Novice: 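One structure, as structure tokens, below. Some questions next.
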Amino acid sequence: MSAVLNTPPAAAAGSADVNARLMFSKNLQNVTNKIHATSNIDEIMLEVSTDICSLFNADRLTIYIVGEDKQSIVSKVKTGLNSFKDLKLPIAEHSIGGYVAFSKKMINIRDVYDEVELKGINPNLRFLQEVDKRTGYRTKQMLVAPVTEGEELIGVIQIINNKAGVPFTALMEEGVNQLAQTLAIAFKQRQKPQVIKTKYDFLVSDAVISPAEFELAARSARKKAVDVEQVLIEEFQVKLPAIGQALSKFFGVPYEAHKSDRIKPAELLKNLKREYVEQNQWVPIDDSKDGVVILCLDPERVKSSRIVQNVFPKSKLVYRVTTQRDFKETLNIFFGAEVLDTGDIGDMLSGLEDDDEGGGEGSGDDLSQAADNELVKLVNKIVIDAYNQNASDIHIESYPGKGKTEVRFRKDGSLAPYIEIPASYRNAIVARVKIMCDLDISEKRRPQDGKIPLDKLGLTPHNLETLKTVVSKPYGLFFVCGPTGSGKTTTLHSVLKHLNTPDTKIWTAEDPVEITQKRLRQVQVNKKAGLDFAMVMKAFLRADPDIIMVGEMRDKETVGTGIEASLTGHLVFATLHTNSAPESIIRLLDMGMDPFNFSDALLGILAQRLAKRLCGKCKQAYSPAPEEMKAFLTEYCSELVNTSTFKQNPKEGYENVYKEWVKNYANDKGQFTMYKKVGCDGCGGSGYKGRVGLHELLVGTDPLKKLIQEHSRVAEMLACCLDEGMRTLKMDGMEKVLMGLTDMSVVRAVCIK
């Protein structure tokens with residue numbers, strides 16, 4: 001006979017609680033030991049964080065220290081080997097960390113999205129959900145405690161999301177208070193003031209780099225005969241803003257970073273040469289309400305020399321300090337890149353004769369000014385600077401009366417100011433641009449078209465291979481559609497370059513001829529002389545070329561001639577101003593095209609858009625949460641739900657798409673990486689640099705041709721194309737999000753219907 005000994009439930013629970021306390025206390029002691037073993041605050045904030053998260057079974061941790069202004073708390077986030085980014089919160093009731101710093105009270109929140117719970121703590125307390133929405137991370141539980149010594153606030157410790165999915169326990173509340181006491185002692189011991197000797201010493205005192213690292217950087221700079229700044233940036237990954245802030249503290253003047261969209265102060269630069277300002281290490285950058293702003297490397301030396309005061313004797317001077325790299329980039333913006341001897345704008349403008357009328361209607365003098373060598377240099381410099389800054393468009397905008405002529409560059413899809421030119425040069429510049437673009441100088445009443453800089457496009461491997469297969473056919477009709485400025489002509493010329501072989505005869509009709517290629521016979525349409533697209537195409541057919549490219553098909557006669565040409569053995573390319581590939585078919589049929597002839601001729605339609613590309617230097621990688629990937633998949637498949645695959649088995653349809661993503665875009669562990677914008681000097685703080693093409697490639701398959709002949713609706717054609725493997729513009733954009741080229745905010749903005 002056997003007996004079973006049962007432990008009472010209450011006793012078992014008590015035993016488990018004691019064991020949990022002992023284990024927690026032991027782990028807390030281990031963390032305390034690691035904190036005391038660190039040599040500086042950065043090591044505590046960055047290297048012990050994993051151990052603290054494990055102690056509290058938490059997902060994330062943020063440790064703040066009180067800022068120098070005593071009005072904010074600051075946390076350092078490591079962004080490189082020896083570089084950091086500051087996160088700053090005001091000490092106030094409006095944020096959770098700020099409230100704890102303000103009240104010096106510990107709080108344990110069940111759900112930061114619960115406004116009732118937050119207002120129960122403080123009526124003004126709120127959680128910034130926008131950050132979660134942008135990153136895809138869901139913050140829920142939060143345990144936050146002040147780090148204090150007596151009544152003095154030293155910092156805040158913030159523990160985020162219990163991995164168990166439940167609120168942080170009372171034991172953890174006790175633990176965070178004990179940990180805060182340990183941090184207070186450690187922070188106080190490591191906040192010893194340091195003697196500042198050089199302009200870079202604040203990098204050490206602010207814990208951007210260690211004293212040993214700075215000594216190593218200085219030794220390396222001496223050995224290589226370069227400035228310490230260059231070594232700090234290239235070998236120790238110290239960011240320019242960190243160096244700039246150190247200089248600002250040393251010299252006691254604000255730091256001014258380089259701005260790629262800074263407007264050049266032509267009047268201030270009129271009598272200054274690059275060699276002079278480079279040698280003296282100062283340059284005027286603005287005539288503000290506070291005075292003439294002087295950008296310099298050593299404000300104390302520049303002030304004491306009184307040279308600037310002599311150059312601008314009647315002006316109040318305001319000084320800004322900057323880094324050597326920022327200074328050089330600013331000079332390149334003002335005077336042009338060093339490798340190009342284009343002179344400086346001040347000299348160019350002063351070398352031109354003034355027009356006392358201030359920019360009235362043109363006369364014979366305008367033509368002589370346009371031919372003047374100095375004006376030619378000025379316009380050439382504008383074009384060269386646009387090229388160096390990767391601009392796609394140059395906008396020269398004049399204003400009536402004595403209003404200055406403004407020049408703006410379109411970079412990465414957005415306009416940015418470049419320079420303002422006095423009104424007296426307005427007509428001369430316009431005349432010179434007309435001459436360069438081979439336009440009619442005397443025509444001032446009607447708009448005219450000339451050439452601009454080009455955009456670079458990128459197709460996914462799937463679309464690229466499909467496109468090559470489609471355009472390799474000996475005859476047929478292929479369209480590229482999209483709004484103005486989406487790169488349609490560039491894409492068509494890229495296709496023509498692929499097909500441009502010595503044994504192929506290619507003729508193009510364009511308005512205007514924007515891109516030229518060897519072996520192409522290119523004709524400029526001249527409606528004024530009665531030479532329109534339809535007439536040019538008829539002339540082409542008599543010459544029997546292999547390939548014909550038409551700048552735009554906008555009327556029944558031109559489209560009809562194109563279909564006729566494609567059915568008689570010619571490969572015809574053209575552009576359309578339509579929103580999507582399937583919609584283009586309906587547009588062409590509405591013009592009165594015979595659906596049977598049109599469907600027989602159609603090879604394919606490529607719709608495209610240009611989207612902003614994430615800056616390759618500063619974009620920040622993150623692993624999307626399962627909830628974000630689920631929403632991402634749902635949005636991607638929103639247009640696939642009407643296809644036969646999804647109608648038959650929706651679950652299988654979603655699974656097939658996800659498997660394809662894993663195959664093409666996930667790492668070996670099946671995990672995805674997405675990126676979000678940050679902003680740096682290279683992208684002007686926008687987070688974007690350059691553009692990427694989004695494409696929708698429709699192929700003229702037999703099932704689609706049957707629908708065309710039956711005059712089917714756009715929705716039916718779209719479902720058919722998706723069944724055949726087409727990706728819509730938005731789907732292509734979302735794949736480029738998975739490729740790390742752009743983000744969803746840009747894709748949604750570009751692909752709006």
Side-chain angles (χ1 to χ4, degrees), residues 46 59-60 62 75-81 83-87 128-139 160 237 239-241 260 390 411-414 455-463 609-636 657-658 660-695 727-752:
L46 300 170
D59 193 24
R60 295 188 179 185
T62 308
S75 175
K76 283 189 178 295
V77 177
K78 200 162 188 176
T79 58
L81 184 61
S83 57
F84 304 86
K85 178 182 178 181
D86 285 350
L87 297 177
L128 191 65
Q129 297 182 17
E130 288 78 4
V131 177
D132 277 8
K133 292 176 182 177
R134 190 168 64 247
T135 61
Y137 183 81
R138 170 60 160 99
T139 307
I160 303 168
Q237 289 75 50
K239 300 297 183 184
L240 281 176
S260 59
N390 296 318
K411 295 182 288 186
D412 307 333
S414 301
D455 298 299
K456 295 182 179 179
L457 303 176
L459 290 151
T460 60
H462 170 270
N463 280 337
R609 299 288 189 277
L610 291 180
K612 293 183 179 181
R613 182 188 292 264
L614 286 169
C615 176
K617 290 184 178 178
C618 66
K619 65 180 181 180
Q620 185 176 343
Y622 73 96
S623 297
E627 294 81 8
E628 182 180 0
M629 285 306 301
K630 183 178 179 181
F632 191 84
L633 179 64
T634 302
E635 186 170 358
Y636 182 92
V657 170
Y658 194 79
E660 189 69 18
W661 286 357
V662 172
K663 175 184 174 183
N664 294 329
Y665 308 117
N667 59 22
D668 295 337
K669 298 180 180 179
Q671 298 171 331
F672 295 95
T673 300
M674 291 187 183
Y675 294 83
K676 52 189 175 183
K677 68 174 185 176
V678 178
C680 66
D681 300 328
C683 61
S686 69
Y688 301 101
K689 188 173 179 63
R691 286 190 281 180
V692 61
L694 309 185
H695 303 94
R727 293 167 171 84
T728 65
L729 285 166
K730 188 172 185 180
M731 291 164 68
D732 188 66
M734 294 179 76
E735 289 192 27
K736 280 163 184 172
V737 171
L738 293 173
M739 294 164 66
L741 300 177
T742 187
D743 59 31
M744 276 308 299
S745 63
V746 169
V747 172
R748 292 190 184 106
V750 170
C751 298
I752 188 171

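As the structure is a computational prediction, the values presented were derived from the model and not from experiment.
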Novice: Taking side chain as C-beta onward, heavy atoms only, is Ile160 less than 4.5 Å from Tyr137?
Specialist: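 Yes - at least one pair of side-chain heavy atoms lies under 4.5 Å apart.
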Novice: Can you measure from CZ (Phe632) to CZ (Phe672) and round to the nearest 0.5 angstrom?
Specialist: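 So the gap between those two atoms works out to 9.0 Å.
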Novice: Looking at Cys618 and Gly679, what are the two nearest heavy atoms and their distance?
Specialist: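 So the minimum-distance heavy-atom pair works out to SG-N, 3.3 Å.
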Novice: Counting N and O atoms only, with roles assigned by atom type, does the side chain of Lys736 sit under 3.5 Å from a partner on the main chain of Arg613, one being a donor and the other an acceptor?
Specialist: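 A pair under 3.5 Å: no.
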Novice: Tell me, please, which residues at least two apart from Glu627 pass side-chain contact (heavy atoms from CB on, under 4.5 Å).
Specialist: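 Per chain and number, Glu627 pairs via side-chain contact (heavy atoms from CB on, under 4.5 Å) with Ala625.
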Novice: For Val746 versus Lys612, what's the shortest heavy-atom pair and its separation?
Specialist: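 The answer is CG1-N, 3.5 Å.
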Novice: Which distance, rounded to the nearest 0.5 Å, do you find between the NZ of Lys133 and the CD of Glu628?
Specialist: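 Reported value, rounded in 0.5 Å steps: 14.0 Å.
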Novice: Hey, is the main chain of Glu735 close enough, under 3.5 Å, to the side chain of Asp732 for a donor-acceptor pair?
Specialist: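 Judged by distance alone, no pair lies under 3.5 Å.
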Novice: When rounded to the nearest 0.5 angstrom, what distance separates CE in Met674 from CG in Asp743?
Specialist: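 Interatomic distance, Met674 CE to Asp743 CG, rounded to 0.5 Å: 10.5 Å.
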Novice: Looking at every heavy atom in both Ser686 and Cys683, which two are closest together, and how far apart are they?
Specialist: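 Closest approach of Ser686 to Cys683: OG-O, 2.9 Å.
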Novice: Using 0.5 Å steps for rounding, measure from the OG1 atom of Thr728 to the CE atom of Met734.
Specialist: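 Between atom OG1 of Thr728 and atom CE of Met734 there are 9.0 Å.
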Novice: For Lys677, does the NZ atom sit with more than 12 other heavy atoms under 6.0 Å from it, leaving out its own atoms?
Specialist: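 No - once you tally the heavy atoms of other residues, nucleotides and ligands closer than 6.0 Å, there are 12 at most.
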Novice: Working to the nearest 0.5 Å, report the span between SG of Cys751 and CZ of Arg609.
Specialist: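 Atom-to-atom, Cys751:SG and Arg609:CZ are 7.0 Å apart.
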Novice: For the residue pair Leu694 and Gly733, what are the closest heavy atoms and their distance?
Specialist: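 Taking every non-hydrogen atom into account, CD2-CA, 3.6 Å.
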Novice: Does the Lys619 side chain pair with the main chain of Gly740, one donor and one acceptor, at a distance under 3.5 Å?
Specialist: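 The answer is yes, because a donor-acceptor pair under 3.5 Å joins these two groups.
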Novice: Check Val750 against Leu610 and note the closest heavy-atom contact, atom names and distance.
Specialist: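 Heavy atoms of Val750 and Leu610 come nearest at CG2-O, 3.8 Å.
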Novice: Between OG1 of Thr673 and CG of Leu738, what distance do you get to the nearest 0.5 Å?
Specialist: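 Reported to 0.5 Å precision, the distance equals 10.0 Å.
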Novice: Is there side-chain contact between Lys730 and Glu635, with at least one heavy-atom pair below 4.5 Å?
Specialist: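 Yes, side chains in contact.
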